[in-house]
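Report on the structure given below.
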Amino acid sequence: MRRGALAAVFLAGCFVPKMYARPRGDPGAHVVREDRAVVTPDGWRLAVVRYHPERPAHRHPVLVVHGIVTNARYFDLDAKHSFLRWMAARGWDVWAVSLRGTGESEHAREASGPDELKHGHGWDYDFDTFAKLDVPAVAKEMLAVTGADSVDYVGHSMGGLVLYAALARRTLAVHAAVACGSPVRFRWGTRLDTLLADALPVVTRLSSLPVRSPSSLYVPITLRLPSPLDPLLMNPDNVDPESYRAFVAVGVDDLSGPLVRQFARFVRDDDFVSDDGALDYRAALARLSTPLLVVAGKVDNLAPPWAVAPAYRDWGTKDKQWLLAGEESGLSADYGHLDMFLGEKASKDLWPRIEKFLADHER
Amino acid sequence: MKRGLFMVAALAPALALAELSVAHRRLDAGDGTPLAVYRYLDREPRLRVLLLPEPGFPRACFDPDGTEEPGSAGRRGEAQRSPAQGLAPYLAARGFEVYVLEWRGTGRSGGRMSLAGFERDLRAAVRLAAGGGKVAIVGWGLAGTLAASLEGSGLPVRAVAALGSPFDAPTGEGALGRALEKGGALDFDDPPRGVDVKLLLTHGNAIAEGALAACLDHARWSASYAAELRARLAAWPRPKLPEPLAFPLLAVIAPRDNLWESEQTFALHDAAHGVQLRVAGRADGDGEEYSHLGLVAADAAPGDLFGFLAAWLRDAGGAL
């Protein structure tokens with residue numbers, strides 16, 4: 001009986017994710033969807049999904065970058081939960097990349113022998129790689145296609161950190177940017193610290209950290225058996241369980257060993273520096289002058305306001321805004337981490353704030 | 001009897017609440033301001049603890065079912081009793097000798113509210129509650145900030161738990177900044193138009209109607225104190241704490257605190273090495289994300305937080 005149930009869960013785990021394989025719903029009236037591929041200087045093929053109106057109303061295309069463990073589907077789950085389509089419907093030319101090793105982009109392969117790696121890519125990329133190679137490659141393509149001189153940028157979680165690192169490295173020309181739930185401190189002072197302290201010595205030994213397959217197996221039971229991680233990931237009052245299930249099915253990806261190790265160092269040392277230690281990204285914030293909106297979820301337990309706020313405080317220009325995403329700021333709910341783009345009412349209250357910030361800087 | 005200390009002994013015989021007795025004392029703050037202090041005593045008290053409400057808020061926030069007049073039969077009656085037991089009787093029932101201060105300008109204490117005056121009140125209350133030994137302090141809101149600032153003062157403090165206590169300016173304007181914008185007094189029971197007390201204080205937490213009413217009935221910030229706070233929000237003087245700490249410090253952060261934002265209250269954790277942290281929310285295993293008033297009055301607070309606090313106070317207090 002128990003074996004049968006396990007087999008059923010396994011089979012469901014194999015097939016349920018396929019139900020969500022393609023974003024549901026039309027792009028929207030007068031919005032065009034393009035699936036593009038961008039190749040990085042070191043040969044990785046990155047999948048980029050672009051939504052744009054036939055005639056964009058704004059001068060700068062928007063580069064949208066997801067967080068760790070996720071991919072571009074986070075921003076384009078279905079017609080209702082699609083920041084990309086929502087922005088395009090308002091005249092923006094929006095490009096969302098799945099960083100290497102995630103989503104529809106090229107994935108690393110386990111090296112079973114020396115020959116295999118010659119024809120593919122290994123798990124040798126870390127956080128810096130995204131800032132040095134992936135995001136600049138996509139931005140370059142955006143500028144070439146649109147003729148713009150710089151891009152706007154919206155990053156969620158690690159996507160915001162990639163923005164900070166790329167600007168510090170001067171690998172990216174950004175006109176205006178929004179960082180949502182992007183912590184620049186890595187000791188939260190909660191049980192998560194203990195959890196990470198226990199887990200990191202183990203996971204940092206791995207060449208990669210498999211997340212996608214275990215998540216797939218979890219998909220069939222997400223609605224019945226909440227994970228203990230759920231309260232860290234979202235405000236359950238603000239995310240529809242079915243949307244969360246769809247996200248777990250298609251929005252979750254594996255991590256490379258070097259990426260895990262670099263984040264482990266962030267957490268261990270509570271700093272935010274390049275892998276070689278040569279560039280202190282946190283210190284560099286004070287030298288950055290791109291107009292910036294920093295969004296912190298009021299009840300974000302993965303990137304709590306106190307871990308996000310230093311980016312706003314340290315940012316080196318007066319042209320910056322802080323938004324505490326919660327009811328006290330006039331939003332419909334107190335936002336958790338994933339809620340920002342999966343939340344049921346995000347399109348009604350949070351996204352308009354993001355869009356307004358970018359639109360104000362178009363003038 | 002030392003000047004500025006205990007002035008008048010208990011006004012009335014202690015009221016027996018099961019094993020618990022409550023006594024009201026008066027204390028001179030040292031500048032002639034009479035302060036009300038309440039003592040909650042169990043049969044076998046072993047560790048002294050001083051509870052400090054958010055300035056401007058009455059003792060009832062720590063004891064919503066308590067008696068206004070010692071000797072009377074209970075202020076609100078059984079029917080309106082909160083399912084949540086207040087922190088004062090909770091700790092007293094667990095072997096603490098509990099003192100609750102009402103700050104100047106609040107409840108039965110005289111004088112006018114001011115930050116400088118509160119510092120006097122605190123020193124007098126600490127000396128009284130320490131009783132020749134040392135006392136642990138639980139300070140709620142700005143009271144925790146004042147109490148934590150006793151680090152290095154040489155006063156007989158055993159430990160301080162600061163519940164939702166700001167140590168820095170808010171990152172943005174914040175709900176409190178907006179509430180204070182218009183100037184004037186802030187009466188939490190009858191707020192000025194446009195000030196959402198529920199959002200500021202209780203947001204997202206279930207709090208029994210009786211407990212809420214008991215706490216807010218006389219909660220008020222005078223115009224001059226509100227002006228002091230408004231100035232402080234603009235330029236927050238971060239107290240310098242000694243290293244190493246003279247006594248253990250605990251910062252309890254409420255993610256849904258809209259009075260003092262969580263990044264303001266987290267700043268205490270940053271103020272010195274060794275400040276312990278507890279997030280009153282799902283991140284640390286609680287059933288809900290706590291608000292400012294929820295920290296002391298939410299229905300779930302006894303289960304989620306009071307037990308933790310009692311254990312922390314015992315540990316911080318050393319051998320009993």
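These values consider heavy atoms only, across backbone and side chains, with no hydrogens, waters or symmetry-generated copies. Everything numeric here is computed off the predicted structure, so don't read it as measured data. First the proteins, then the strands, lettered A, B, ... as listed; each starts at 1.
With a 4.5 Å cut-off on non-hydrogen atoms, Ile253(B) touches chain A through its side chain but not through its backbone. Of the atoms belonging to Asp286(B), not a single heavy atom falls under 4.5 Å from chain A. Using a 4.5 Å cut-off between heavy atoms, Asp237(A) touches chain B through its side chain atoms alone. For a residue to count as touching a neighbouring chain, one of its non-hydrogen atoms must lie under 4.5 Å from one of that chain's; by this rule Ala169(B) touches chain A with the backbone only.
Contact check for Arg178(B) versus Glu328(A): side-chain heavy atoms found under the 4.5 Å cut-off. Residues Lys298(A) and Asn258(B) are in side-chain contact: their nearest non-hydrogen atoms beyond the backbone lie under 4.5 Å apart.
For the options Gln264(B), His203(B), His269(B), Gln276(B), heavy-atom pairs under 4.5 Å to chain A are most numerous at His203(B).
Looking at Glu288(B), Glu289(B), Arg282(B) one by one, the single match for side chain to side chain contact (heavy atoms under 4.5 Å, CB included) with Pro231(A) turns out to be Arg282(B).
Note that OG1 of Thr171(B) is 4.5 Å distant from CH2 of Trp322(A), once rounded to the nearest 0.5 Å. Atom OG of residue Ser291(B) and atom CG of residue Asp334(A) lie 10.5 Å apart, to the nearest 0.5 angstrom. How far CH2 of Trp306(A) is from CD of Glu261(B): 12.0 Å, rounded to the nearest 0.5 Å.
At a threshold of 4.0 Å, the pair Asp270(B)-Arg185(A) counts as salt-bridged, since one of the basic side-chain nitrogens sits closer than that to a carboxylate oxygen. Looking at Arg313(A) and Asp168(B), a side-chain N of the basic residue comes within less than 4.0 Å of a carboxylate O on the acidic one, giving a salt bridge.
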